[in-house]
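Since we're looking at a predicted model, the values are computed, not measured. Worth knowing before you read on, the calculation uses all heavy atoms, side chains too, and leaves out hydrogens, waters and symmetry mates. Note on naming: letters A, B, ... go to the chains in the order of the sequence lines (proteins, then strands), and numbering restarts at 1 for each one.
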Amino acid sequence: MLDVTKKTSDKIELTRHKMALILVAVAAVLMVLRYAGLLPEALFRLPEAMIPPFAIWLDTIFNFVKDDLGLLKLTRFLTGGLEALLDTTANLLFGKRRWPNLGPIPWTSIAAVAAVLGYYLGGWRLAVLAAGTFVWTALIGQWKIAMETMSVLVIAAPVAFVIGITLGILAWRNPWLDRALKPILSVLQTLPFFTYLLPAVIFFKVGPTAGAVATIIYAIPPMILMTTLGLQKVPEEVVEAGHMSGCSRWQLLCYVYIPSARQEILVGVNQVIMLCLAMVVLTAFIGMPGLGAKLLAMMGSFKLGRSFEIGVTIVLLAVTLDRMSKAWVVKQPAHFEKGTPWWKRHVMLLLAIAAFIFFVIVSQFIEVASTVGRKQNFSQGKELDNLIKGFLNIEVVKSTTYFLRAFVNVQILIPFRNFILSIPTPAVILLVAAFALWLGGRKQAVLAAMFFSLVALSGWWDRSMITLYSVISAVSIAMLIGLPLGIVASRTERWSRRILLVCDTAQTFPSFVYLIPAIMLFGITDIAVIFSILIFAMVPLTRYTIEGLRAVPHEMTEAADMAGATRMQKLWKVQLPLALPTMAVGFNQAIMFAFFMVIIAAFIGTQDLGQELQRTLAGTDLGKNFVLGICVSLMALTFDLTIMKWASDQKRALGLGE
Amino acid sequence: MNKFTTALATGVLALGPLAAFAEDSSDPIVIPIHNWSSQIVMSNVVGQIFEQMGNNVEYVTTDSQAVYESVRLGDVTMELEVWEGAFGASYRTALEKGGLHDAGDHNAVTREDWWYPMWTKDACPGLPSWEALNDCAALFATAETGDKGMYLDGPVDWLKHGQERVAALDMNFTVVNAGSAAALWAAIGAAEADKTPIVVFNWTPNFAEAVWPGEFVEFPTWVDGCDKDPAVGPNPDALYDCGNPAEGYLKKAAWDGMKEKWPAAYETLTKISFTNPQIAEMAKFVDIDEMEPEEAAEAWLGANADIWNPWLSK
Amino acid sequence: MTQQPVISCKNVWKVFGSKPEAYLKTMPEGHSYDEISADGYIAGVKDVSIEVSRGEMLVIMGLSGSGKSTLVRCFSRLHEITSGTIEIDGQDIMSLSEKELIELRRNKMGMVFQSFGLLPHRTVLENVAFPLEMRGQDKHTRRARALEVIKLVGLEGREEYFPRELSGGQQQRVGIARSLAIEPDIWFLDEPFSALDPLIRREMQDEFLRLQGLLGKTIVFITHDFDEALRLADRIAIMKDGAVEQCDTPDQIVLHPATEYVRKFTEEIDKARVITAKTLAIAETKGTGEAVSADATVKQLAKLLVHDTREVIPVTEDGIIIGGMNRTDGLTLLLEAD
């Protein structure tokens, strides 16, 4: 019986691949006709007249919702509440003159508490990291701006957490809500962040409130997903034990489900914090003060060294928060022997309070303990400037970049881009559908065709294609570099760990720090854009290659060794095929990151969707902003759906399970 | 610092009589901050003046185009640098919608146009004439532009019409749009290393003048209507065949409600007027001397009490 | 017995699939398990009628997937049954409201799970006190009671440990303690010892018998291990494909398997270990000389059977001779085993 099903599935496979080839053939015919000049113009690009004015419709809807339904009043009312919260933390952290007028808390106190917390969660290493981060921030003279960022983060992350966990619970309880939320979450996760920003400004007032709202919305999806996942994974018996203990529904949720899903929920918290931090920096574009704004300002006045220092601060903060929340995930409660006195049970808490109070008092007398003055900091901005400029001026670097510009850009990238732009719209749709059909299946192909048709209908086809071109080029180059790197690194435990650490750091470095060196190296060209995307796209490729290869079961590699395989044979015949599904996940993430970064690269100067999106930020063109955002999202989703389907199919076929 | 305290004292003394007449609201005056230094320092200078007058001041970072919508709604109280060329359009749109008004000009002119750093002149001595620039076009060629020169224009959304001008004057240049101001500086910075000739979009007052001395390219002089009537300018069939106006305005805009809510501060705002050298000095404090904006503002106030004191009195 | 059974279930069906009630109504009488599967449904419990009386230990036996766990979950209404009735102390549990059901569980039922079902974030003490907490008892009382049960299961001194700090056997002791905390009348144990290794399992069975000796609860015990069933059960119900194949005392099952399936199941069993003198006793004959106890197994009597010379040995229960056992019957059983 098994044999029969296998045969039929082979048959389906065959027709699927055949159909994909037919689609490619049709696309090829269209292209040939086009180059022969025989293709009617209407089949090359959708005529202007046929493009529905989505932006205007959306604007009408927005205006209706905003003004006629009074949403603006509601959001402005909410703004009031949010503002009060933000003002409170702003006062405590950097002394904004608002209730409760106690702040700013001396930096030494915060650093000390961070150290104690770090020690409690992960021992002395984490304590050093946590304290070191805050000490660095203060000494480098960025305390205030870092606290401006933190003051939003400490509100946004908990709010995102509460909303996320609530929606997660509701979605888990109500399958219809789950089904309704899934597509929305997918779109939200692929929507360029510029699209979060504009509505936030319009509905929630420019400044920290809008920044907080955009940050919250951006951080919610993973919380929902992790909550649902965690709740679904609670062992049936634990739930039954709850029932049999006579739990009411509410008790069951609070005492059984949520505590049992602790790990997944905390992983969600970790992701919320990381996304919040990433976004809180990006919200500088809509007037959020803090590290991001300072970074933009420094870049705007061409201060490379200072920008770099701010980048380092952001990385340190990110790494600290990441490590601390991850340590919290794995931290298991340990018991105290009976009769342990109260103070011993809470020794860490007491220590933190004591340290806090001690430094508050100290800073009353010693000013440096309270705030590091402007002349006292150790910023090395100028020296770093010279260092960076010096590096860029090295002959080898210059000749390399010149070669890359003259060869890769002129000979490869630009012709590739012209080629993509020369393909008739229907042919592109067919090609994408064929790709989805080949890898995913019928459903993916239909969705792919639908998504790209929508992009065509949006009227932003050429810009979308340029976006796609940047993504494809960057991911291809990233594969050329990232995959071999991953393969080599995965050979030893030590190098795996090192490279993974580099990956982590590269990823938390605020994305736009890369832009300036990219321009200085390559000028305002496509290659600069692709270079800045490349760094981000390489990270997941390398990481998942390492993880995939290292997860190949030992018996398999040992079996290969015993079969007398050479290293290369082992790699190609055993390890890579088994690691491929995992690597595909990395590939998918690389594409998602590339779509994210390509929008930021508009900062360099592009002619793609990102540039148009950046333009909408300056105005109130909500409709256009959304149409552009959705275009990006649709293209990203097409790849996401197809590749993830392929990866899970492969995993099942290899019996690796989900 | 000492100087500053004295300045503060005089300021407060000067204010004494004033306080009796106009009672300003204790709500914070919201001053927008953008992403270029002179504006940030100027905002801090004005903010500190207001603070001395007993007002609460708050700074918000906003987009320089979107800010006019915020001023109109009263989320932000004023805008201290309205550039004719860069923000004229956004400002006028907001003005038409109502909610903000013109609070007077600075005694400064603004100019935006094609610009080159001084080292470029060594390679192309005929500058600043645009014809000379066109003759040296090959000097500005890059790997991508072939034998044409590259002109790095501002971001597309600044609407600087570089492309149109190249066409109208039949210049041997390819226009590349930078994505941001930072991209412009990065390009100049990269060129600086081995003094590669470069021509980019730039404006004054701006910190860049202090970092990289340079000049504007002299195009056919601006005539009113050059952007609307093809007949105007050297090319009878094209728009944008002249340089930008060399003397654009730099003004202040205020929220309509400011006058009632903070009458004294408003009074001062209308009197405030900075000159080009003053603005450049503010920018220099931050960009060259690496001061923080607040610090730069204090320094400037300390050194220029005679300039700003008159703005306080009635 | 005039006493009302504690658990009484009649014609209970539990069918999994979409709209099982509707399916069951239209399903032809006598449809087999496979036929039901062919229709896309799974008969978890198939027309089961069974009674458990007070103080009795019923062991439900079967291979995995035979429906034994499903059945016990129907008793406590962790599963909603598709048709039939289940009464606990004469009360139809399907008619209970959610609140009443919770009350029932809070006061009458305890359950022990195969993988313990402990709450990982709570200490031993907190786990054991959990049902009491849900019941709303104050902290002091529930702590006192929990300590009492913890002591009962022999975990004294481990109150502050977290489940992951305990061995499997200790964890199951916590599970047992928790299920006993509310002093339930009915005790469900779903393969409580099968996740433990054989040595510990044996120890836990002894422990369990000790507890049962102290407490005398009505018990439904599930296992797939026949030896375990034989050691513990008053009666055994053997299940296959959702249906009860036979429900009887251990020795009856061994001696008179009702179906081919049960016969196969019992084939490998050392009957001498199960069958007691009582089963072999024939009322008409009395025999002479020293009597043997009615509940002694043939195995226990092996020495006697081999060395004794009497044809018939008297069997005594509660001091009364209830009949005589043919020595050859005993010897036959004894020899058959090997």
If we ignore hydrogens and angles and just use 3.5 Å, is the side chain of C:Arg105 paired with the main-chain N or O of A:Met244 as donor and acceptor?
no
More than 12 heavy atoms of other groups within 6.0 Å of C:Tyr41 OH
yes
Rounded distance (nearest 0.5 Å) linking atom CD of C:Glu126 with atom OH of A:Tyr255:
11.5 Å
For A:Ala241 versus C:Arg178, what's the shortest heavy-atom pair and its separation?
CB-NH2, 3.2 Å
Minimum-distance pair of heavy atoms, taken over all atoms of C:Arg106 and A:Ser245:
CG-O, 4.2 Å
Could you report the tightest heavy-atom contact between A:Val256 and C:Phe130, atom names first, then the distance?
CG2-CZ, 3.7 Å
Atom pair OG/CG of A:Ser248 and C:Leu101 - distance to nearest 0.5 Å
12.0 Å
Honestly, the part of C:Gln114 sitting under 4.5 Å from a heavy atom of chain A is both
Measure C:Arg77 against the heavy atoms of chain A and call it side chain, backbone, both or neither at under 4.5 Å.
neither
Which of residues 132-154 of chain C have a heavy atom under 4.5 Å from any heavy atom of chain A?
C:Glu133, C:Met134
Using non-hydrogen atoms and a 4.5 Å limit, figure out which bit of C:Thr123 sits close to chain A: side chain, backbone, both or neither.
neither
Cut-off 4.5 Å, heavy atoms of chain C, and the answer for A:Pro235 is neither
Side-chain touch C:Phe116/A:Glu237, heavy atoms, less than 4.5 angstrom
no
If you draw a 6.0 Å radius around CZ in C:Phe162, do more than 12 non-hydrogen atoms from other residues or ligands fall strictly inside?
yes
Atom group of C:Phe188 that falls short of 4.5 Å from chain A, counting heavy atoms
side chain
Inter-residue atom distance A:His243.NE2 - C:Leu78.CG, 0.5 Å rounding
6.5 Å
Under a 4.5 Å heavy-atom cut-off, does chain A meet the side chain of C:Arg158, its backbone, both or neither?
neither
Counting only non-hydrogen atoms closer than 4.5 Å, does C:Glu165 touch chain A with its backbone (N, CA, C, O), its side chain (CB onward), both, or neither?
side chain
Provide the closest heavy-atom pair for C:Leu119 versus A:Ser260 in the form atom of the first, atom of the second, distance.
CD2-OG, 4.1 Å
A:Arg249, CZ: over 12 other non-hydrogen atoms inside 6.0 angstrom:
no
Would you indicate whether A:Arg125, at its atom CZ, is surrounded by more than 12 heavy atoms from other residues, nucleotides or ligands within a distance under 6.0 Å?
no
Chain A contacts, top residue of C:Ser115, C:Ala181, C:Ser76 (heavy-atom pairs, under 4.5 Å):
C:Ser115
Could you measure the distance from the OG atom of C:Ser69 to the CD atom of A:Glu240? Nearest 0.5 Å is fine.
8.5 Å
